[in-house]
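Written below as structure tokens is the structure these notes are about.
Just so we're clear, the structure is a prediction, and the values are computed from it rather than from any experiment.
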Amino acid sequence: MNHKHGGAGRKGRLLIIGGAENRVCGSGPLETFVELAGDEDARIVVITTATEVPEEVADEYSAVFGRLGVSSVRELRLLGRAAADDAATLRALEMATGVLFSGGDQSRIRTLVGSRTNELLKRRLDQEGLVIAGTSAGATAMGHWMILGGRGHDVAASTVKVGPGLGLLDNVLIDMHFNERGRLPRLMSGIALDIRLLGVGIDEDTAIVVGDGRFEVVGTGVVTVVDAGQATVAYAASDDEPMAMLDVSLHLLPAGCAFQMNDRLPAIGNMRGPEEG
């Protein structure tokens with residue numbers, strides 16, 4: 001996969017990882033992130049807001065990116081709104097070619113929503129070719145809405161908890177560690193609450209590369225897409241009771257598959273244009 005990177009006026013890419021990515025050199029999602037961000041010329045910022053062990057996480061990513069030839073890796077903890085609005089934070093992010101949101105507890109990332117950091121990342125993603133990655137908690141935070149928690153075997157309102165996300169990817173609700181933790185009911189519960197959203201469940205060591213209204217799948221697992229755009233939902237009388245959902249489309253996309261989000265069309269094989277080849 002040969003991706004060109006960076007540049008004013010060029011839209012960036014999102015790399016959304018389902019968690020537990022392979023951190024040994026090979027052909028996994030982190031290698032794709034480094035390639036998109038500029039290979040050995042990449043300037044990477046790791047945002048560790050979500051984790052309780054930021055030093056450990058930052059050291060681990062610095063090591064793996066170092067093995068991939070990247071010498072410029074910086075950690076930003078951003079443990080509150082003041083840090084996310086700070087001028088020094090913004091200067092660091094202006095210099096980055098790639099930004100990675102680590103895993104942990106996604107509720108911690110809510111403090112960044114609507115911040116100057118959030119707005120800068122949106123602008124640089126849309127206009128300057130910035131590459132933004134999120135893994136696990138950092139993955140679900142990419143959407144306008146993010147899953148904050150919830151569990152259960154039924155498609156029910158109580159099975160999922162949703163809150164505002166960073167808004168880097170519109171009209172998509174993302175869940176992670178997907179098949180490993182049996183999260184299809186949780187994702188479908190979230191989609192049932194707003195069938196205009198496209199549900200994307202990403203397995204571990206698996207990612208989607210998003211750009212130009214489509215995504216490609218990389219990694220060792222599967223991406224599950226839930227499309228309820230033509231569905232009928234019968235809501236239950238209480239949050240704990242199961243809902244009825246009719247005519248829901250489900251797509252299972254391993255590496256080498258792609259999905260056109262605007263038209264909601266899956267494909268076996270990638271859909272990149274010749275200018276990206």
Side-chain angles (χ1 to χ4, degrees), residues 1 3 5 12-39 42 44-70 73-76 96-106 108-109 130-143 146-147 165-166 168-169 172 174-183 187 200-211 215-225 252-259 270:
M1 185 184 299
H3 299 271
H5 66 274
R13 292 287 185 270
L14 292 172
L15 183 79
I16 306 177
I17 309 168
E21 66 277 6
N22 186 346
R23 297 180 191 177
V24 179
C25 296
S27 57
L30 293 181
E31 286 78 7
T32 300
F33 174 58
V34 168
E35 182 185 350
L36 287 166
D39 292 312
I44 293 175
V45 170
V46 180
I47 296 178
T48 57
T49 304
T51 180
E52 292 183 342
V53 287
E55 287 185 14
E56 179 181 325
V57 168
D59 288 347
E60 193 167 344
Y61 279 116
S62 292
V64 69
F65 291 141
R67 289 195 296 272
L68 293 168
V70 179
V73 182
R74 176 172 180 175
E75 178 201 0
L76 291 178
T97 63
V99 175
L100 170 69
F101 284 84
S102 77
D105 180 353
Q106 55 266 42
R108 297 170 184 265
I109 301 176
L130 180 65
V131 179
I132 303 176
T135 182
S136 190
T140 190
M142 296 290 103
M146 64 174 163
I147 292 177
L166 296 171
L168 302 175
L169 182 60
V172 173
I174 299 158
D175 210 345
M176 64 291 183
H177 302 284
F178 194 66
N179 281 322
E180 291 81 3
R181 300 187 186 178
R183 286 179 167 168
L187 181 59
V200 180
I202 307 175
D203 290 358
E204 294 177 356
D205 194 38
T206 306
I208 59 173
V209 181
V210 186
F215 68 72
E216 304 166 32
V217 181
V218 299
T220 59
V222 171
V223 171
T224 302
V225 177
L252 304 179
L253 307 176
C257 292
F259 195 88
N270 71 62

Would you please name every residue forming a salt bridge (Lys or Arg N to Asp or Glu O under 4.0 Å) with Glu60, sequence neighbours left out? Arg23
Could you pull out the closest heavy-atom pair between Arg13 and Val209, with the gap in Å? CD-CG1, 4.3 Å
CD1 on Ile208 to CG on Leu253, rounded to 0.5 Å: 10.0 Å
For Ala42, is there any backbone N or O sitting under 3.5 Å from a side-chain donor or acceptor partner on Thr97? no
With no hydrogens and no angle check, is any side-chain donor or acceptor of Asp205 less than 3.5 Å from a backbone partner on Gly219? no
Any idea how Phe33 and Phe65 line up, ring-wise: parallel (<30°), tilted (30 to 60°), or perpendicular (>60°)? tilted
Does atom CD (Glu55) have a neighbourhood of more than 12 heavy atoms from anything else shown, all under 6.0 Å? no
Interatomic distance, Ile47 atom CD1 to Arg74 atom CZ [nearest 0.5 angstrom]: 11.0 Å
Applying side chain to side chain contact (heavy atoms under 4.5 Å, CB included), run through Ile132 and Phe101 and close with a yes or a no. CA-CA 8 Å; Ile132 303 176; Phe101 284 84; 4.1 Å; yes
Which residue, Thr220, Asn179, Thr224, forms the side-chain hydrogen bond (donor to acceptor under 3.5 Å, both in side chains) with Asp203? Asn179
Heavy-atom closest pair, residues Ile202 and Ile174: CD1-CG2, 4.1 Å
Quick one: are Arg183 and Met176 in side-chain contact, heavy atoms under 4.5 Å? yes
Heavy-atom nearest pair, Ala20 first then Thr135, reads N-OG1, 4.4 Å
Given Ser136, which of Glu204, Glu21, His177 fulfils the side-chain hydrogen bond (donor to acceptor under 3.5 Å, both in side chains) condition? His177
Would you indicate whether the side-chain heavy atoms of Leu169 and Phe215 approach each other to under 4.5 Å? no
Indicate yes or no: at least one non-hydrogen side-chain atom of Phe178 is less than 4.5 angstrom from one of Val222. no
So, Thr48 side chain and Pro54 main chain: donor-acceptor pair closer than 3.5 Å or not? no
Between Leu166 and Met142, which heavy-atom pair has the shortest distance, and what is it? CD1-CE, 4.1 Å
Ignoring hydrogens and geometry, is there a side-chain-to-backbone donor-acceptor pair from Thr140 to Asp175 under 3.5 Å? no
Spatial distance of atom CG (Leu130) from atom CG (Leu14) [nearest 0.5 Å]: 9.0 Å
What's the separation between atom OG1 in Thr206 and atom CD1 in Ile16, rounded to the nearest 0.5 Å? 13.0 Å
Tell me if a side-chain donor or acceptor on Ser62 pairs with a main-chain N or O of Val73 at a distance below 3.5 Å. no
Closest heavy-atom pair and its distance - Ser102, Val57: CB-CG1, 3.8 Å
Is there a donor-acceptor pair closer than 3.5 Å between any side-chain N or O of Arg108 and the backbone N or O of Thr51? no
Rounded to the nearest 0.5 Å, how far does CD1 of Ile17 lie from CG of Leu100? 6.0 Å
